[in-house]
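Heads up: the structure comes next, in structure tokens.
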Amino acid sequence: MSPGIIYALVARGPIVLAEHSTTPTNFQQATHAILEKIPSKDSKLTYVYDRYLFHYIRCNNIVYLCIADDKFGRRIPFAFLQDMMKLFVAAYTEAEISEAACMGLNSFAHTMAQQMGNFSCSPQDSIRSVQGEISQVKDVMVQNIERVLERNDRIEILIDKSNSLNNAAFAFRKRSTALKRKYWWRNQKLMALVVFAALVFVYLLVSSVCGFPTLSKCRS
């Protein structure tokens, strides 16, 4: 059975405000690399490292991140993150969140631990409890960061990959449309050439019988 969600944190940019872990495994290096390079705009993403999936949601400059076994999938971790985001915003004021120092809101770790257990042990009940409040996770990009820890500059490439894929898809559609139009015109020209050749052939055939070029024999 998959252990479920084993680590979670809430951060303001790269500054970790609260965290909780159910395992002695140290994920700080990986999470630090991710937090440093997450784009400033609101987003959601999944990274792959070893046999773990790193899921995060960034909303209003706050990052909600969790780590789960790769067999645990993505739907439940993102449901957990949505629930954690709702509870965190309800627990602290905007001023407390914006002014808190590193680990300054770690009192939230107790809530995180409780929700991690709920979503890991009874995922169906947890999903039902937040049904109607969770937007469906669609097209969450999965990136591999195994080598990011060796060279942190590569994480920027991984994060920008989704934008590159979108641009590539747009360029592909544009090229496809242009290519389709090109072949359509080519077919039209070929059809016109065939019709013209057929008319010339008929004219020559009739001319051979009626006299070239005025068809005088057939007129008389």
Side-chain angles (χ1 to χ4, degrees), residues 11-14 30-86 123 127 130-206:
R12 186 183 67 245
T31 55
H32 179 74
I34 293 173
L35 291 175
E36 286 286 349
K37 299 298 182 179
I38 289 178
S40 59
K41 62 182 180 181
D42 290 354
S43 58
K44 57 178 64 175
L45 202 65
T46 295
Y47 290 100
V48 179
Y49 175 64
D50 194 14
R51 62 184 182 87
Y52 299 105
L53 297 182
F54 289 60
H55 313 275
Y56 81 79
I57 295 176
R58 182 187 181 104
C59 182
N60 297 328
N61 199 38
I62 303 300
V63 176
Y64 306 87
L65 182 146
C66 70
I67 302 174
D69 187 273
D70 58 359
K71 297 179 182 179
F72 202 58
R74 291 180 303 207
R75 181 185 176 189
I76 295 173
F78 274 100
F80 163 75
L81 291 176
Q82 291 279 3
D83 188 61
M84 186 168 67
M85 178 169 59
K86 179 186 67 174
I127 290 176
V130 294
Q131 189 174 13
E133 301 176 23
I134 301 173
S135 59
Q136 184 179 7
V137 179
K138 294 181 178 179
D139 301 324
V140 179
M141 185 63 64
V142 178
Q143 303 288 356
N144 193 317
I145 61 167
E146 279 188 310
R147 296 185 180 179
V148 170
L149 301 181
E150 299 174 8
R151 294 185 58 187
N152 284 343
D153 57 321
R154 294 184 183 180
I155 191 126
E156 187 171 1
I157 297 175
L158 297 177
I159 292 175
D160 291 339
K161 191 67 174 292
S162 59
N163 291 332
S164 299
L165 290 174
N166 288 335
N167 294 335
F170 175 77
F172 176 77
R173 288 195 298 269
K174 188 174 181 180
R175 288 195 300 270
S176 298
T177 301
L179 189 61
K180 183 178 180 181
R181 186 180 295 113
K182 176 182 177 181
Y183 278 102
W184 185 86
W185 278 112
R186 179 177 295 179
N187 289 337
Q188 295 302 311
K189 292 178 181 178
L190 181 61
M191 183 63 69
L193 183 61
V194 170
V195 172
F196 177 76
L199 291 175
V200 171
F201 176 77
V202 171
Y203 174 75
L204 293 176
L205 183 63
V206 173

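All values below were derived from every heavy atom in this structure, side-chain atoms included, with hydrogens, water molecules and symmetry-related copies excluded. For clarity, every value in this text was computed on a predicted model and none was experimentally measured.
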query: Residues in side-chain hydrogen bond (donor to acceptor under 3.5 Å, both in side chains) with Arg51, at least two apart?
result: Asp69

field: Worked check of side chain to side chain contact (heavy atoms under 4.5 Å, CB included) between Ile67 and Thr31
entry: CA-CA 9 Å; Ile67 302 174; Thr31 55; 4.1 Å; yes

- request: Take Lys44 and Gln82, measure what side chain to side chain contact (heavy atoms under 4.5 Å, CB included) needs, and give me the verdict at the end.
  value: CA-CA 11 Å; Lys44 57 178 64 175; Gln82 291 279 3; 3.9 Å; yes

field: Euclidean distance, Leu81 CG relative to Cys59 SG, rounded to 0.5 Å
entry: 11.5 Å

query: Does a side-chain heavy-atom distance below 4.5 Å link Leu53 with His55?
result: yes

field: Ile57 vs Val63 side-chain heavy atoms within contact, under 4.5 Å
entry: no

- request: Starting at CD1 of Ile62, measure out to CE of Met85 and round the result to the nearest 0.5 Å.
  value: 11.0 Å

message: Tell me if a side-chain donor or acceptor on Asn187 pairs with a main-chain N or O of Tyr183 at a distance below 3.5 Å.
response: yes

field: Under 3.5 Å donor-acceptor, Asn61 side chain and Arg12 backbone
entry: no

task: Apply side chain to side chain contact (heavy atoms under 4.5 Å, CB included) to Met191 and Leu193, showing your working.
output: CA-CA 5 Å; Met191 183 63 69; Leu193 183 61; over 6 Å; no

statement: CH2 of Trp184 to NZ of Lys189, rounded to nearest 0.5 Å, is 11.0 Å

field: Short side-chain to backbone donor-acceptor contact, Arg58 and Tyr64, under 3.5 Å
entry: no

- request: Would you mind reporting whether Phe54 and Ile34 have side-chain heavy atoms less than 4.5 Å apart?
  value: yes

message: Walk me through whether Phe80 and Met84 qualify under side chain to side chain contact (heavy atoms under 4.5 Å, CB included).
response: CA-CA 6 Å; Phe80 163 75; Met84 186 168 67; 3.8 Å; yes

message: Ignoring hydrogens, what is the shortest heavy-atom contact between Gly73 and Pro77? Give both atom names and the distance.
response: O-CG, 3.5 Å

- prompt: Mind checking whether Tyr56 and Tyr47 have parallel, tilted or perpendicular rings, split at 30° and 60°?
  reply: parallel

